[in-house]
Amino acid sequence: MKAVELSKSYNPKDFEERIYAYWRDNGEFKPRGGKEGHFSVVMPPPNVTGVLHMGHALNNVLQDIIVRYHRMTGVPTLWVPGTDHAGIATQNVVERQLKAEGLRRQDLGREKFLERTWQVKDKHHAIIKSQLEKMGCSCDWDHERFTMDEGLSKAVRECFVTLYERGLIYKGKYLVNYCPKCGTALSDDEVEYESEPGKLYHVRYPYSDGSGYIIVATTRPETMFGDTAVAVHPEDDRYKGVVGKTLDLPLTDRKIRIIADSFVSREFGTGMVKITPAHDPNDFECGRRNNLEVINILNPDGTLNENCPEKYQGLPAVEARKLVVADLEAAGYIEKIEDHAHEVGHCYRCHTIIEPYLSDQWFVRMKSLAEKALEALEKSDIVFYPKRWENTYQRWMESIRDWCISRQLWWGHRIPVWYCKDCGKEIVSREDITECPHCHSHNIEQDSDVLDTWFSSWLWPFSTLGWPEDTEDLKKFFPTSALVSAYDIIFFWISRMIMSSEEFLGKAPFRDIVITGLVRDKQGRKMSKSLGNGVDPLLIIDQYGADSLKFTLCYMAAQGQDVLIDNDSFKMGSRFANKIWNATRFLLMNLEGRELVDFSISDLTVMDKWIYSRFNSAADEIRKAMEGYRFNDAANAVYSFFWNDLCDWYIEDTKQKLLSGSDEEKNLQISILMDLLEKSMRLIHPFLSFISEEIYQKLPNHKGDVIVQHYPEFDSNLVFAEEVEKVESLKDIVRSCRSLRSSLQIAPEKKIKVMLRTGEGFKAMDLVKSEKGFISTLAGASEFIIDETGCEDTQGAVPASGAGYECFLFVKEAIDVDAEIRKLSTEIGKAEKLLEGAEKKLGNPQFMNNAKAEAVEKEKKKKAEALEVIEKSKAHIELLKSI
RNA sequence: GGAGGAUUAGCUCAGCGGGAGAGCGCCUGCCUUACAAGCAGGAUGUCACAAGUUCAAUCCUUGUAUCCUCCA
């Protein structure tokens with residue numbers, strides 16, 4: 001057989017793109033496994049604005065690992081990709097473009113504006129798709145969906161109309177979060193609160209009967225024009241008797257009443273609160289309870305309207321505030337002004353301050369939906385990883401509020417409601433209509449609003465599979481198996497998907513909910529453009545390769561913890577990939593002139609059995625880790641098996657045989673190595689997909705594409721506990737010798753005589769004998785003597801000890817005897833500490849009675865070992881002194 | 001105001017009832033014919049603080065401090 005040549009260094013650019021195309025063109029991403037059951041994942045659809053950032057990379061890389069792992073177990077596996085139209089975000093992008101051209105969306109008109117938005121969508125979609133491909137995502141592109149494509153739009157219609165028919169959708173006057181800049185209502189979750197320095201204004205409201213005044217505290221004095229009451233706590237002793245009295249509202253000619261309501265905090269300000277139902281959520285509720293008038297004082301653009309005194313009309317709220325305060329002050333209504341930090345809501349898209357605003361909006365009644373979703377958790381139909389998010393989910397569901405789903409935007413799913421201008425009826429329809437079904441008038445008009453983006457994405461797990469049609473995909477792949485998402489959209493998205501799925505399909509949309517952390521910079525800050533601390537996944541791929549990106553993220557993604565990284569973090573994955581590359585390169589070189597032979601367990605040496613055992617354990621660890629979505633543990637197992645076990649010890653051990661063994665020995669050895677390499681590539685594939693495929697296809701014993709090979713499983717035939725113990729013992733001996741050499745500053749090329757003296761209970765004798773050459777090489781021995789009787793002369797040797805053995809290095813050069821003695825003394829010190837602890841426990845009757853038998857055994861062993869170390873070390877000190 | 005998370009080596013973080021770990025960085029020595037993106041050896045920690053439970057606490061409980069996040 002000829003050697004297979006690999007380029008000298010790992011260069012992912014040579015093959016990543018080619019391999020991706022190969023997989024895709026060969027249909028490897030399609031669900032084709034033959035086993036029973038299915039494994040399916042829907043990709044959280046990235047927004048078609050902007051490009052993918054490191055958070056997307058983390059999310060998709062983890063999905064890819066899960067998907068590849070399950071695909072290799074042989075079940076039909078489907079990963080559905082897609083993108084989200086992202087209403088406000090995308091519309092903002094287009095509006096920014098227009099602004100640069102001096103235009104507004106109204107100048108274009110709805111149709112032209114939407115055309116332009118579709119162009120933006122197409123552009124960003126192409127970028128996103130290519131990014132996902134570069135990352136190596138093994139999603140089935142034939143299943144790709146977009147939240148505004150035909151099928152999904154149909155699903156949205158079906159959903160809206162059905163909910164309407166079930167009485168779960170209503171239109172109502174409601175106080176909504178309103179962004180004056182975006183010109184739309186926002187859901188509660190789309191408002192971000194930030195603490196901001198502000199003022200607390202104490203304002204005097206005089207009694208109408210002239211008997212003095214009361215003082216109310218407010219942070220937003222301009223809203224006083226919408227005041228319709230002042231409230232006190234019903235049990236506030238300070239204000240007994242004032243309830244029911246009338247006040248003159250300053251700067252106006254209106255009169256308002258004092259009411260009692262227990263929502264008032266007695267501690268805040270003066271304990272008297274002005275009630276502005278149209279402009280504060282709490283006040284709105286209070287107003288409802290007390291049948292207060294609701295006066296809206298704002299225009300849609302956030303300026304004051306005709307319900308305010310004329311001089312303030314048309315002013316933005318912040319401007320009006322200044323003027324109102326000045327006027328109040330001039331009229332002597334201001335008691336005092338103090339600094340006051342308070343939470344201010346901002347639009348999550350454009351960061352403008354949110355105004356609570358009274359308007360007509362569409363809502364979904366959430367209570368019944370939430371109840372079903374809670375039940376799903378109680379019945380364990382859904383499981384969160386990590387589990388603690390279940391509390392968060394539960395609390396949110398329990399305190400659910402109705403969901404405002406209308407948005408005053410153009411980009412999105414138009415609300416399927418028509419109004420007949422002739423008969424005044426409201427028509428909700430699955431199909432577009434041109435005629436009023438009641439009076440047959442053509443004078444009808446569709447509601448101009450669109451639906452919240454999440455109203456389409458909450459259907460994602462089943463709408464992407466064809467719902468509302470009863471498709472094959474839906475039958476085969478729904479419910480999906482796992483959903484991977486960061487914790488920031490549990491409420492926006494995850495919770496709502498569960499609700500919609502329970503409502504429309506009667507089951508949870510997925511079983512496992514894998515919550516990842518957020519990607520942050522090394523200081524723990526969110527990555528953002530303004531901070532300039534972002535790490536671009538594409539640049540990382542360019543620099544280190546997609547496998548490095550993937551493996552590093554996986555290695556760092558511990559149980560939903562945030563992932564803190566910088567550019568250099570990815571060297572870790574890159575080094576590992578390079579190691580894999582070079583180990584393979586070495587092995588493939590050694591194929592020259594060899595024949596692969598069949599072998600069985602009886603042909604295996606102790607070392608062989610050890611490495612197969614280690615491989616077996618690694619496969620088992622990885623399976624357990626994957627089942628619990630502990631990605632870092634899985635990555636760790638892969639890493640330490642390949643590098644520490646296979647490369648550092650096993651391959652090193654085989655070098656000698658590969659160089660100087662007989663042809664037969666060489667053939668057997670390289671065959672075993674090829675078997676291990678083939679298995680390793682399968683083991684590694686979910687975590688470093690490109691390199692493992694590239695290598696796999698070059699192996700003489702490969703069986704097709706690694707992406708669809710069977711994932712290694714725990715094999716009880718490959719458990720060799722005794723051999724493992726022996727090899728660990730051998731490694732220990734080598735380490736002792738190396739450590740001694742190093743501390744004695746013996747140059748690597750200097751070979752010296754080494755003697756191993758073994759005591760009772762030393763099990764690895766046969767291994768030590770058969771691996772004499774290997775030990776000699778690693779220990780730099782010119783001569784390696786085994787002393788089983790303890791009779792050999794140790795005069796003049798430098799000693800070291802371990803469990804069941806002593807090593808003696810016969811050094812002729814002058815050595816630093818004192819330093820060695822000091823080293824031994826610290827070892828004695830450590831051992832004495834251990835001994836003390838062990839003896840204390842063993843001498844403690846309560847320990848002996850209560851502790852587990854294994855714990856007691858362990859302490860006994862500890863004690864024996866400590867005694868051995870102390871004894872030997874003391875003897876060694878004497879030996880050194882005699883030099 | 002409520003809830004959750006974090007606090008372990010210089011840095012980033014695993015671990016989680018019985019002798020403190022990884023990667024990076026650092027120190028020493030090696031271009032050993034796969035890999036200097038490597039190899040070998042080494043140093044570094046009152047596991048935030050305080051009580052409690054336990055035969056035994058970095059790990060469980062409670063409290064404190066500092067930091068972060070979410071919700072109101």
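Below, chain A is the first sequence line, B the second, and so on; all start at residue 1.
- For the P atoms, the distance from B:G42 to B:C67 is 40 Å, rounded to whole Å.
- Atom CD of A:Glu5 sits in a sparse spot, with 12 or fewer heavy atoms from other residues, nucleotides or ligands closer than 6.0 Å.
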Report all interatomic pairs (protein N or O, nucleotide N or O of nucleotides 38-41 of chain B) with separations under 3.5 Å.
unit_1: B:G38; atom_1: OP1; unit_2: A:Arg575; atom_2: NE; d: 3.3
unit_1: B:G38; atom_1: O3'; unit_2: A:Lys579; atom_2: NZ; d: 3.2
unit_1: B:C39; atom_1: OP1; unit_2: A:Lys579; atom_2: NZ; d: 3.1
unit_1: B:C39; atom_1: OP1; unit_2: A:Trp643; atom_2: NE1; d: 2.6
unit_1: B:A40; atom_1: O3'; unit_2: A:Arg738; atom_2: NH1; d: 3.4
unit_1: B:G41; atom_1: O2'; unit_2: A:Ser742; atom_2: OG; d: 2.7

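- Distance noted for atom C1' between B:G41 and B:C47: 26 Å (whole Å).
- Using a 4.0 Å heavy-atom cutoff across all strands shown, A:Lys655 reaches at least one base atom of the nucleic acid.
- With A:Asn849 contributing its side chain and A:Pro845 its backbone, the two residues share a donor-acceptor pair below 3.5 Å.
- Counting only N and O atoms by type, the side chains of A:Asp732 and A:Ser729 include no donor and acceptor under 3.5 Å apart.
- Nearest heavy-atom pair, A:Met848 versus A:Lys841, reported as atom, atom and distance to 0.1 Å: SD-O, 4.3 Å.
- At a threshold of 4.0 angstrom between heavy atoms, the contacts of A:Met589 are confined to the sugar-phosphate backbone, with no base atom among them.
- The CZ-C1' distance, from A:Arg388 to B:A3, rounds to 12 Å in whole Å.
- Counting non-hydrogen atoms under 4.0 angstrom, A:Glu749 reaches nothing in the nucleic acid.
- Under 4.0 Å is where a charged nitrogen must lie from a carboxylate oxygen, and between A:Lys387 and A:Glu390 at least one such pair does.
- Spacing between B:G23 and B:U8 at atom C1', rounded to whole Å, works out to 15 Å.
- Contact annotation for A:Glu854: no contact, since no heavy-atom pair falls under 4.0 Å across all strands.
- Nucleotides B:A9 and B:C27 are separated by 15 Å at their C1' atoms, to the nearest Å.
- Looking at A:Lys624 and A:Glu621, no side-chain N of the basic residue comes within less than 4.0 Å of a carboxylate O on the acidic one, giving no salt bridge.
- A:Asn636 and A:Asn632 form no side-chain donor-acceptor contact under 3.5 Å, judged by distance and modelled atom types alone.
- Which of B:G19, B:G18, B:C35 sits closest to the side chain of A:Glu865 comes down to B:G19.
- Set against B:A22, B:A37, B:A14, the side chain of A:Tyr555 has B:A22 as its closest nucleotide.
- Between the CG atom of A:Asn177 and the C1' atom of B:A72 there is a distance of 13 Å, given to the nearest Å.
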A:Phe384/A:Tyr393 under ring pair (Phe, Tyr, Trp, His ring centres under 6.0 Å): CA gap, chis, key distance, verdict
CA-CA 9 Å; A:Phe384 280 82; A:Tyr393 172 85; 5.4 Å; yes
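- By the 4.0 Å N-to-carboxylate-O rule, A:Glu868 lies close enough to A:Lys872 to be salt-bridged with it.
- Side-chain atoms of A:Asn567 and A:Gln543 include a donor-acceptor pair closer than 3.5 Å.
- Relative to the side chain of A:Met572, the nucleotides B:A3, B:G23, B:U69 differ in distance, and B:G23 lies closest.
- With B:A3, B:G19, B:A34 as the candidates, the nucleotide lying closest to the side chain of A:Leu834 is B:G19.
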Kindly determine whether A:Trp403 and A:Phe492 satisfy ring pair (Phe, Tyr, Trp, His ring centres under 6.0 Å), including the steps that lead there.
CA-CA 11 Å; A:Trp403 175 20; A:Phe492 279 124; over 10 Å; no
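- Each of A:Leu587 and A:Trp389 lies near RNA chain B, and the nucleotide nearest A:Trp389 is the one positioned closer to the 5' end.
- For the pair A:Lys655 and A:Phe586, the cation-pi test (distance below 6.0 Å, angle within 45°) is passed.
- On the P atoms, B:C24 is 38 Å away from B:C71, given to the nearest whole Å.
- Distance, A:Asn850 CG to B:G17 C1': 14 Å, rounded to whole Å.
- A straight line from NZ of A:Lys858 to P of B:C55 spans 20 Å, rounded to a whole angstrom.
- Stems are defined here as 3 or more consecutive Watson-Crick or G-U wobble pairs with pairing distances under 3.5 Å; those involving RNA chain B are B:1-7 with B:65-71, B:10-13 with B:21-24, B:26-30 with B:38-42, B:48-52 with B:60-64.
- The separation between A:Phe384 atom CZ and B:G4 atom C1' is 14 Å, rounded to whole Å.
- One atom, CG of A:Asp633, and another, C1' of B:G21, lie 13 Å apart when rounded to the nearest Å.
- If you take atom P in B:A6 and the same atom in B:C60, they sit 10 Å apart, rounded to whole Å.
- Among the atoms of the strands shown, only primed sugar atoms or phosphate atoms (P, OP1, OP2) are found under 4.0 Å from some heavy atom of A:Arg395.
- Using P as the reference atom, B:U58 and B:A65 are 23 Å apart when rounded to the nearest Å.
- Straight-line distance between the P atoms of B:U64 and B:G2: roughly 12 Å, to the nearest whole Å.
- Among the protein residues, A:Lys8 comes within range of the sugar-phosphate backbone only, with heavy atoms under 4.0 Å from sugar or phosphate atoms but none that close to a base.
- Distances were taken from every side-chain heavy atom of A:Lys862 (C-beta onward) to each of B:G18, B:C55, B:A37; the shortest belongs to B:G18.
- One interatomic measurement links the two molecules: OH of A:Tyr487 to P of B:G4, which rounds to 16 Å at whole-angstrom precision.
- For the pair A:Leu740 CG and B:U28 P, the computed distance is 21 Å after rounding to whole Å.
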